[in-house]
Number of protein chains: 2
Amino acid sequence: MTLTRKSLRQQIKEILLTRILQGEYRPGDRLIELQIAQEFGTSQAPVRESLRELEALGFVESVPYRGARVRAVSQQELAEVYPVRAAIEEVAARAAAANLAGEVGALEAEIAAMHRAADDGDLYAQVCHDVAFHRLIVEACGNRVLQEVWRSLRIEARTLISVVKTEIEPHHLAEMHRPILEALRAGDGPLAGRLLRQHVEFFGELVLKGEHA
Amino acid sequence: MTLTRKSLRQQIKEILLTRILQGEYRPGDRLIELQIAQEFGTSQAPVRESLRELEALGFVESVPYRGARVRAVSQQELAEVYPVRAAIEEVAARAAAANLAGEVGALEAEIAAMHRAADDGDLYAQVCHDVAFHRLIVEACGNRVLQEVWRSLRIEARTLISVVKTEIEPHHLAEMHRPILEALRAGDGPLAGRLLRQHVEFFGELVLKGEHA
DNA sequence: TGACTTTCGTTTATCGATAATTTATTCTTG
DNA sequence: CAAGAATAAATTATCGATAAACGAAAGTCA
């Protein structure tokens, strides 16, 4: 584990984040500054700053003089993301329709990639391309603030958790994105927005149902 | 300037934030760690952490080895907030209608306070109560993620900037909130949502118009 | 002259050590 | 034996100092 390229803070942050997302650190686990510093052979300072960043990103929570823990993402919180996503992605799609001017090649590629991932049985890749599809729309909308808000929801991290629990046939899942694509190709912003909103809300309800399982 | 109560980091952060919001530090101004540390009689560390927090909050931007500057909030960015606000506040109002169960006393108090501020010619207080009205709705919706996203838009800071430029009669401004209040009192979530969305979009357009002035 | 290199001052990034605080443990004392 | 005070152990928060990186200014060579 060589730490040389970027700033130590950045590198440590990325490593810790990977460990959190991959479940190596479990929710509630303590993240002790000096202990981590020792592991990486650095001093306390860059570790401390990394933890603060992860706190701002919502992956870690900390209390003064009591240290940092991996934050538990409750099922409730997971479900609460969807109404927000639905609302802002609708706005994004409406604006994206105009900006894309029918150029939906990149979106089509993501749907194709979802199918390939489905063939390979690669759930992780499928989720990535699913998220990428949504991200492309958000990025096409031209509203920086909206993009920033969407990013702050950390869809990647959360979708990963929730999708595993749903039981939709993978190819069907991929095809569910096509109506949105077609609306965008046709330049019909309001329709694309409505469809995308319903699409997201649908998954939100799936998560809610999974709650009782 | 005694710094004793909370952690130094917290205190320094608040002071710096005040200075930024009150315009004592102008956009583009450099924030030099050791210089600030010297001013407060602390070491570099807590100042550094404060700056990182302000960076995460979007008030400061920094480049490795080149330091931090006060971030300029462009007119464009200011305008881009409104579509996002409109979308999530609509969602908030729909949910709030059910949760409030007609109990809109707090909202009514904010409208009254806006009128008092209008009488006093206290623009700052007026903005505060305006924002508080919206915050109450957002907090009543019960969705923590939505609340967090709304907070991250830092409406207080931005409204302050934009309202000054508009030229709406203060009492009229206060009354513009009443239809939303009444819809919530009646428990009509969809209506309250629509009204709130239009209300926010209206101000978004005002900002856009001001752009050409 | 003008492009390239070198040097120097400024500032950030990191370090190792100390102070402050919390939590757990042990010791009273009724 | 229980409640509370005192102590000990662990960890964070802060410090002061050093190393690394950057930008500007001075110097070098065609």
Side-chain angles (χ1 to χ4, degrees), chain A residues 1-20 24-72, chain B residues 1-20 23-73:
Chain A
M1 195 82 71
T2 26
L3 304 177
T4 42
R5 278 166 288 193
K6 307 176 191 177
S7 73
L8 290 179
R9 184 181 94 241
Q10 196 68 12
Q11 295 173 71
I12 293 171
K13 177 186 140 193
E14 281 167 20
I15 292 174
L16 293 180
L17 184 53
T18 306
R19 289 183 182 176
I20 292 172
E24 192 170 339
Y25 292 149
R26 296 311 214 58
D29 280 1
R30 289 194 62 185
L31 299 174
I32 295 166
E33 298 178 356
L34 282 172
Q35 198 172 294
I36 295 168
Q38 192 163 25
E39 178 191 344
F40 293 137
T42 76
S43 81
Q44 191 187 351
V47 174
R48 209 177 143 69
E49 295 194 0
S50 301
L51 289 176
R52 284 274 123 66
E53 280 193 68
L54 292 174
E55 190 184 359
L57 290 173
F59 291 105
V60 154
E61 54 193 352
S62 74
V63 181
Y65 289 106
R66 297 224 270 126
R69 298 174 170 277
V70 177
R71 183 155 162 278
Chain B
M1 194 82 69
T2 26
L3 305 176
T4 40
R5 281 165 288 193
K6 308 176 192 175
S7 73
L8 290 178
R9 185 182 92 240
Q10 196 68 11
Q11 295 173 71
I12 293 170
K13 176 185 140 188
E14 281 166 20
I15 293 175
L16 293 181
L17 184 52
T18 306
R19 291 183 180 175
I20 291 173
E24 191 169 340
Y25 292 150
R26 297 310 214 59
D29 280 1
R30 288 194 64 184
L31 299 174
I32 294 166
E33 298 177 358
L34 282 171
Q35 196 173 295
I36 295 168
Q38 193 164 22
E39 178 191 343
F40 292 138
T42 75
S43 79
Q44 189 187 353
V47 174
R48 212 177 140 69
E49 296 193 0
S50 301
L51 289 176
R52 284 275 123 67
E53 280 192 68
L54 292 175
E55 189 184 359
L57 289 173
F59 291 104
V60 154
E61 53 193 352
S62 74
V63 181
Y65 288 107
R66 298 225 270 125
R69 297 172 170 278
V70 177
R71 182 155 164 277
V73 178

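Keep in mind the model is a prediction, meaning the values are calculated, not measured. Chain naming here is simple, since letters A, B, ... match the order of the sequence lines and numbering starts at 1 in each.
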Is Arg9(B) close to Glu53(B) at the side-chain level, that is, under 4.5 Å between some pair of heavy atoms?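 Answer yes - side chains close enough.
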With a 4.5 Å limit on heavy-atom distance, are the side chains of Val60(A) and Ile20(A) in contact?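 A side-chain contact under 4.5 Å exists here.
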Write down the distance between [atom1] ([X]) and [atom2] ([N]), rounded to a whole number of angstrom.
{"X": "Glu33(B)", "N": "dT18(D)", "atom1": "CD", "atom2": "P", "value": "18 Å"}
{"X": "Phe40(A)", "N": "dT14(C)", "atom1": "CZ", "atom2": "C1'", "value": "16 Å"}
{"X": "Ile36(A)", "N": "dA10(D)", "atom1": "CD1", "atom2": "P", "value": "18 Å"}
{"X": "Gln10(A)", "N": "dA20(D)", "atom1": "CD", "atom2": "C1'", "value": "17 Å"}
{"X": "Arg69(A)", "N": "dT22(C)", "atom1": "CZ", "atom2": "C1'", "value": "13 Å"}
{"X": "Arg9(B)", "N": "dT21(C)", "atom1": "CZ", "atom2": "P", "value": "14 Å"}

Base, sugar-phosphate or nothing for [X]? Non-hydrogen atoms, less than 4.0 Å.
{"X": "Leu51(A)", "answer": "nothing"}
{"X": "Arg52(B)", "answer": "sugar-phosphate"}
{"X": "Leu34(B)", "answer": "base"}

Which listed nucleotide ([options]) is nearest to the side chain of [X]?
{"X": "Tyr65(A)", "options": "dT21(C), dT11(D), dC15(D)", "value": "dT21(C)"}
{"X": "Arg30(B)", "options": "dA13(D), dT12(C), dC15(C)", "value": "dT12(C)"}
{"X": "Ala45(B)", "options": "dA13(C), dT11(D), dC15(D)", "value": "dC15(D)"}
{"X": "Arg48(A)", "options": "dC22(D), dT12(D), dC15(C)", "value": "dT12(D)"}
{"X": "Arg66(B)", "options": "dC15(D), dG23(D), dT12(D)", "value": "dG23(D)"}
{"X": "Leu8(B)", "options": "dC15(C), dT14(D), dT12(C)", "value": "dT14(D)"}
{"X": "Pro64(B)", "options": "dT14(D), dA13(C), dA13(D)", "value": "dA13(C)"}
{"X": "Ser7(A)", "options": "dT14(C), dT11(D), dT22(C)", "value": "dT14(C)"}
{"X": "Gln44(B)", "options": "dC15(D), dT23(C), dA17(D)", "value": "dA17(D)"}

Test side chain to side chain contact (heavy atoms under 4.5 Å, CB included) applied to Leu16(A) and Tyr25(A), step by step: CA-CA 8 Å; Leu16(A) 293 180; Tyr25(A) 292 149; 3.7 Å; yes
Closest-nucleotide ordering on DNA chain C, the 5'-leading residue of Ala68(B) and Pro46(A):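 Whichever sits nearer the 5' end wins; that is Ala68(B).
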Checking only heavy atoms, does the side chain of Glu49(B) share a donor-acceptor pair with the base of dA13(D) at less than 3.5 Å?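 No, the side chain and the base share no sub-3.5 Å donor-acceptor pair.
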With sequence neighbours excluded, tell me which residues meet side chain to side chain donor-acceptor pair (under 3.5 Å) with Glu55(B).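 Expected list: Arg52(B), Ser62(B).
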For Lys13(A) versus Leu57(A), what's the shortest heavy-atom pair and its separation?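 Distance-wise, the nearest heavy atoms are CE-CD1, 3.9 Å.
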